[in-house]
Asker: 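Take this structure first; my questions come after.
All chains are named by letter (A, B, ...) in the order of the sequence lines, taking the proteins before the strands, and each is independently numbered beginning at 1. The analysis underlying the following values was restricted to heavy atoms, covering all of them including side chains, and did not include hydrogens, waters or symmetry mates.
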Number of protein chains: 2
Amino acid sequence: MGRGKIVIRRIDNSTSRQVTFSKRRNGIFKKAKELGILCDAEVGLVIFSSTGRLYEYASSSMKSVIDRYGRAKEEQQLVANPNSELKYEAKLFK
Amino acid sequence: MGRGKIVIRRIDNSTSRQVTFSKRRNGIFKKAKELGILCDAEVGLVIFSSTGRLYEYASSSMKSVIDRYGRAKEEQQLVANPNSELKYEAKLFK
DNA sequence: ATTACTATGTATAAACA
DNA sequence: TTGTTTATACATAGTAA
């Protein structure tokens with residue numbers, strides 16, 4: 001999206017990579033905010049730059065998102081493998 | 001981006017909201033992937049729809065992202081409040 | 001490291017299949 | 001509802017400051 005079409009591969013030049021990172025990071029954060037508002041969704045976005053710096057956005061709070069994520073993954077586990085909800089002893093004697 | 005300009009506020013009509021959610025969710029996931037590749041960044045994106053369904057993307061793994069996030073936040077704490085790295089007892093007698 | 005410009009590529013709103 | 005179409009709005013690559 002710009003003066004020329006680009007191929008999606010790692011940008012070798014570190015200055016260009018940094019500039020692109022800044023621009024696209026702003027863009028994706030904007031998109032994340034819009035999605036949360038327009039669609040009434042809870043959104044959490046974590047980005048570590050190649051230099052290791054953390055950037056984050058959460059429509060609620062990151063703690064809320066991560067906690068909810070953990071609970072949702074547990075539920076997925078239960079759906080995928082219903083027996084796992086039984087305690088170890090219960091399974092032994094099932 | 002489309003036939004008409006829109007205001008960023010919750011979409012009342014639930015069918016429209018769902019359609020917009022699908023389209024924009026695809027869009028933001030694509031952006032997240034591109035950012036990770038182009039800029040050599042580690043990216044984690046978690047989205048809960050208004051119906052509570054989880055959608056996720058991580059350039060590495062979500063566990064890696066969340067763990068790294070936790071460590072980065074700890075570091076931020078230490079930078080913001082250097083004394084907190086001292087143990088409680090040490091602080092008492094500082 | 002940001003910011004500005006702007007031509008061009010992309011995402012998507014609305015409509016409809 | 002789930003996918004096309006397409007006109008339009010938006011994001012951004014290249015560049016310079």
Asker: In whole Å, what is the span from the CZ atom of B:Phe21 to the P atom of C:dT12?
Answerer: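 Rounded to the whole Å, the gap is 13 Å.
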Asker: Is any side-chain N or O of B:Thr20 closer than 4.0 Å to OP1 or OP2 of C:dA13?
Answerer: yes
Asker: Walk me through it: do A:Phe21 and A:Ile11 pass the test side-chain contact (heavy atoms from CB on, under 4.5 Å)?
Answerer: CA-CA 10 Å; A:Phe21 180 72; A:Ile11 297 167; over 6 Å; no
Asker: In whole Å, I'd like the distance from the CD atom of A:Gln18 to the C1' atom of D:dT12.
Answerer: 16 Å
Asker: Tell me whether B:Arg17 contacts the main-chain N or O of A:Leu38 through its side chain, where contact means a donor paired with an acceptor under 3.5 Å.
Answerer: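 No, the answer is negative, given that no donor and acceptor are paired below the 3.5 Å cut-off.
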Asker: Dump the intermediate steps for side-chain contact (heavy atoms from CB on, under 4.5 Å) on A:Leu54 and B:Gln76, then the final yes or no.
Answerer: CA-CA 10 Å; A:Leu54 168 66; B:Gln76 287 182 3; 3.7 Å; yes
Asker: Quick one: which of D:dA9, D:dT12, D:dG14 gets closest to the side chain of A:Lys23?
Answerer: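 Selected nucleotide (nearest to the side chain): D:dG14.
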Asker: Check this one for me: any side-chain N or O of B:Ser22 less than 4.0 Å away from OP1 or OP2 of D:dT2?
Answerer: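 Checking B:Ser22 against D:dT2: no side-chain N or O falls below 4.0 Å of OP1 or OP2.
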Asker: Map B:Ile6 and A:Gly4 onto DNA chain D by nearest heavy atom, then report which one ends up closer to the 5' terminus.
Answerer: B:Ile6
Asker: For B:Ile8 and C:dA11, what is the distance between atoms CD1 and P respectively, to the nearest whole Å?
Answerer: 17 Å
Asker: Measure from CD1 on B:Ile28 to C1' on D:dA11 and round the result to the nearest Å.
Answerer: 13 Å
Asker: Atom CZ of A:Arg24 and atom P of C:dT2: how far apart are they, to the nearest Å?
Answerer: 17 Å
Asker: Expressed in angstrom and rounded to an integer, what is the separation of B:Lys30 atom NZ from D:dC10 atom C1'?
Answerer: 14 Å
Asker: Please walk me through it: do B:Val43 and A:Leu45 pass side-chain contact (heavy atoms from CB on, under 4.5 Å)?
Answerer: CA-CA 7 Å; B:Val43 179; A:Leu45 176 57; 4.1 Å; yes
Asker: Between C:dT10, D:dT1, C:dT2, which nucleotide has the shortest distance from any of its atoms to the side chain of A:Val19?
Answerer: C:dT2
Asker: Whole Å only: how far is the CZ atom of B:Arg17 from the P atom of C:dA14?
Answerer: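 Result: 15 Å.
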Asker: Whole Å only: how far is the CE atom of A:Met1 from the C1' atom of C:dT6?
Answerer: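 Going from CE in A:Met1 over to C1' in C:dT6 covers 16 Å.
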Asker: Report yes if a donor N or O on one partner sits less than 3.5 Å from an acceptor N or O on the other, where the partners are the side chain of B:Arg3 and the base of D:dT6; otherwise report no.
Answerer: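 It does, because a donor-acceptor pair links the side chain of B:Arg3 to the base of D:dT6 below 3.5 Å.
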Asker: Does a sphere of radius 6.0 Å around CZ in B:Arg53 hold more than 12 heavy atoms from other residues, nucleotides or ligands, not counting ones at 6.0 Å or beyond?
Answerer: no
Asker: What nucleotide, of C:dT12, C:dG9, C:dA13, holds the atom closest to the side chain of A:Lys31?
Answerer: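 From the listed options, C:dT12 comes nearest.
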Asker: Between A:Gly2 and B:Glu34, name the one whose nearest nucleotide on DNA chain C is closer to the 5' end.
Answerer: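 Nearest nucleotide further toward 5': that of A:Gly2.
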Asker: Looking only at the side chain of A:Lys5 (C-beta and beyond, no hydrogens), which of the listed nucleotides D:dT6, D:dA13, C:dT10 gets closest?
Answerer: C:dT10
